[in-house]
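Okay, structure first, notes after.
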Amino acid sequence: MSSFVITPQNDGPYHVQGAFSLVTEGGRTITVEGDETWLCRCGASANKPFCDGTHTRIGFKSNLDQA
């Protein structure tokens with residue numbers, strides 16, 4: 001069983017830490033080096049599902065501080 005933590009960053013990506021597997025809807029496993037990664041939340045990354053920092057350039061707002 002995987003043990004991991006997903007932390008949404010305000011106006012940024014999901015930070016995933018721990019033992020996890022990343023699998024596409026079609027069942028393909030995406031290799032992740034190490035035990036952490038940053039996943040895109042804005043939908044504009046050129047390297048989906050990974051964050052490439054585009055959220056800063058496009059002004060992505062997550063509204064986490066309003067929860």
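- With rounding to the nearest 0.5 Å, the separation of CG in N10 from CZ in F60 is 9.0 Å.
- Inter-residue side-chain proximity for T37 and F20 is flagged as met; some heavy-atom pair is nearer than 4.5 Å.
- For the salt bridge (charged side-chain N to carboxylate O under 4.0 Å, His left out) condition, no pair includes a residue of residues 40-57, sequence neighbours left out.
- For C40, the side-chain contact (heavy atoms from CB on, under 4.5 Å) partners two or more places apart in sequence, or in a different chain, are C42, S45.
- In this structure, C51 and G53 approach most closely via the heavy-atom pair SG-N, 3.3 Å.
- Legend: residues meeting side-chain contact (heavy atoms from CB on, under 4.5 Å) with T56, ordered by chain and number and at least two apart, are absent.
- Residues I30 and T24 have side chains in contact (heavy-atom distance under 4.5 Å, counting atoms from C-beta outward).
- Cluster note: W38 groups with no other residue, as no ILVMFWY side-chain heavy atom lies under 4.5 Å from it.
- Between P13 and H55 the shortest heavy-atom distance is CD-CE1, 3.7 Å.
- For D11, the salt bridge (Lys or Arg N to Asp or Glu O under 4.0 Å) criterion is met by K61, not counting sequence neighbours.
- Residue pairs satisfying the salt bridge (charged side-chain N to carboxylate O under 4.0 Å, His left out) criterion with at least one member in residues 16-35, sequence neighbours excluded, are absent.
- If you take CG on L39 and CD1 on I6, they are separated by 7.5 Å, rounding to the nearest 0.5 Å.
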